[in-house]
Amino acid sequence: MTSNPAVLRRRAAIELDEAVALQLHKPKLRPWIVFTLTVVVAFFGMIYSRISLDRTAFELDELEGRIAEEEARFLELEVEVAQLLDPARIDQAAAELGLQYPAELVSLEVPAIEAEGLDPGVRLAQLDNLLSAQP
Amino acid sequence: MPDVRLALVGAFFVLVWLGIGVRLVDVQALNADAYADRGFEQRVRQEELVAVRGSILDRDHQAIATSVDALTVIADPTLIVDDVATAQLLAPLVSRTEDELIDAFASDRRYYVVQRGLTGDEAESFKLYVTANNIKGLFYATEPKRIYPFASLASQLVGFVGGDEGRGIEGLEYRYDEELAGVPGRQVVERDPYGNPIPQGHHTVEDAVHGSDLVLTIDSQIQFTAEKMLEEALLDTGARSGSVVVLDVQTGGVLAMANAPTFDPNNRRHAQPWIFRNGAVANVYEPGSTLKVVTVAAAIEEGIVEPSTVFDVPPEYVIPLEPEPKIYQDVGHEDTLAMSVGEIVARSSNVGTILIQSLLGNETHHEYLASFGLGTSTGEFPAESAGSLEDATDWCVSTCGPSTAIGYRVGVTPLQMAGVFATIANDGVWMEPHVVDAVIHDDLTVDEYEPVSRPVLSKATAQILQRLLMGVVVSEEGTGWRAAIAGYTVGGKTGTTEKYLPDQGAYSETDRIASFIGMAPISDPRIVVAVVLDSPHGENEDGDDLKFGGVSAAPVFAAVMEAALHDLGVPPDAP
């Protein structure tokens, strides 16, 4: 053990250099860890997205099936409506209810509404004039 | 020695790895595309997407014919555990008998259609039944099924589809099959061995093109009334068959085209094939007195006669022929009568009309008959007849003119005769009768009917005819008084002709074709109704002979016309 300050300084300098050298030659793990983590995340992310896409595809498939079912149901209801509107069915139902076609026609004249075209009386008179105008 | 064995084992593994490597290179590099294609072909399936057949709609867009998805039940007999028990369970629910099912299930085929066309609740109930009874070996497929919601309404006009492909085979279903059928689509999809689509797999779809919808001019209410009245007329008069045509005067649109007897296209298995015939366009008959309007109209239009021109009309018109003369007779008078043209029309005088035609001449007469649309078809209806109208040059000099004047020697359809009266009602303008008003395509573009028209008479002549036809209904001598409708002025013409029997080459001694064709309201004609009955007979409650058009057909006309006027909201015009 020396107490020479110069030697001590020299030894301290050497230890410092070694420590620095050791520090400098220490393997750089962080980038690798980051890289590995990125790859792993990307890998699982890809798998997850693939699964999500598959799940979405299944859901889409199911929805398309339901749309087809609803469309078919809609068509069936349309047919049902048409069958309910069948004049023969309505006629039969009316007969069962005892409804009858009115024996007498009653026409209502609404003064505020002007009839289109010539008054029927005028038109018939014109037709008669056509006949009587013949020599 | 151990070294040798080690070397051999090493060599073996080297060779194995080498083989695997070579195969790997072959599979992954050299023939990669070929193997990929083979795999793809095994997974991928090309499937046809069925095009939904277009609907046939009435003028209010109510479906007369439409298509729905229906369930088809298919059996794989090799998967059915107990043939007899399964057949016993299924037989009550399907249209096949128990024996048929047992035979089919005992066979070694793998595809047997148990039932087609189950819809709605029927299909659901069937599936629940199969599940509840644990029936194995059944599969389901969806196929379109044609439904006619109004059953027999306009069945001869609309027709029906048939065969596995559901193609139109009668009526408008046949005539417009190309438009209605649409274009099948195609999808290419990757499926797993169980038939499930592979998510993210190859999937291309070429959508099917929905068949076009036909919008008809038919009014279902008027059509129903026409059919109902016609059915009642057949019961009341004993007529074999009949037709009613209702035309919109201004457009030529067919509001109703009824034939009786009729059938339900949803269940036509037991219907006689002749009932499928649309008699309103396919049945040709000699129109008789209803054609006299053309003779009179032509003579007035040509200035040969006036409505007030008076003829001395004998009860008979005799053409001396060998071995026996041809005699045309009038009904209702035995002495020569002075009749105006108006009276000739009102009394439906054969001899008077022949006298008018003799002044008109065959050639001019023929021109007018052709102008009114006789001798040609519209081409819109399947099995539509053009009728028969000989060229004027082929007319004989003796009887052809007189016979044609009173409606013989000319073959017409009820639709053609309705067109003649619609021309008079439309102030002399002939509008082509048509039944398809629009075609709505899958892309919602619409092809609307382009009206076809031509002037035939002047307005003045047409209006004179309208007034003369009114006389047939309202005058004391008129033959068509049963066509009168309360509240409306009506004009029309009766017709009664001997029925020609083509197989015998002679006229029937007993059977007649009775008709009435007319228009209303005369103050502004909107509707023409033509009624034709084949062989009515017997008497009505008043003791009148039903073989006459004025007795059997005119009441049908009145009922149908009244319903049509009310349905279309035509205001009354009679005082």
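Everything numeric here is computed off the predicted structure, so don't read it as measured data. Each chain gets a letter, A, B and so on, in the order the sequences are listed, and its residues count up from 1.
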With a cut-off of 6.0 Å (strictly less than), are more than 12 heavy atoms of other residues, nucleotides or ligands near [atom1] of [X]?
{"X": "A:Q92", "atom1": "CD", "answer": "no"}
{"X": "B:Y140", "atom1": "OH", "answer": "yes"}
{"X": "B:D121", "atom1": "CG", "answer": "no"}
{"X": "A:R10", "atom1": "CZ", "answer": "no"}

Roughly how far, to the nearest 0.5 Å, is CZ of B:F224 from CD1 of A:I90?
-> 9.0 Å
Just how far is it from atom CD1 of B:I147 to atom CD of A:Q83, taken to the nearest 0.5 Å?
-> 6.5 Å
Just give me the residue among A:L75, A:T56, A:V79, A:L53 that pairs up with chain B most often, heavy atom to heavy atom, under 4.5 Å.
-> A:L53
Which heavy atom of A:L85 sits nearest a heavy atom of B:F150, and at what distance?
-> C-CE2, 3.9 Å
So, for B:T119 and A:E76, which heavy atoms are closest and what is the spacing to 0.1 Å?
-> C-OE2, 4.3 Å
Tell me, side chain or backbone of [X] under 4.5 Å from chain A's heavy atoms, or both, or neither?
{"X": "B:T225", "result": "neither"}
{"X": "B:I522", "result": "both"}
{"X": "B:Q223", "result": "neither"}
{"X": "B:S220", "result": "both"}

Select one option (side chain, backbone, both, neither) describing which atoms of A:R50 are under 4.5 Å from chain B's heavy atoms.
-> side chain
Residue part contacting chain B, namely of A:D61, when any heavy atom lies under 4.5 Å | side chain
The single option from B:Q221, B:K228, B:E227 that satisfies side chain to side chain contact (heavy atoms under 4.5 Å, CB included) with A:P87 is B:Q221
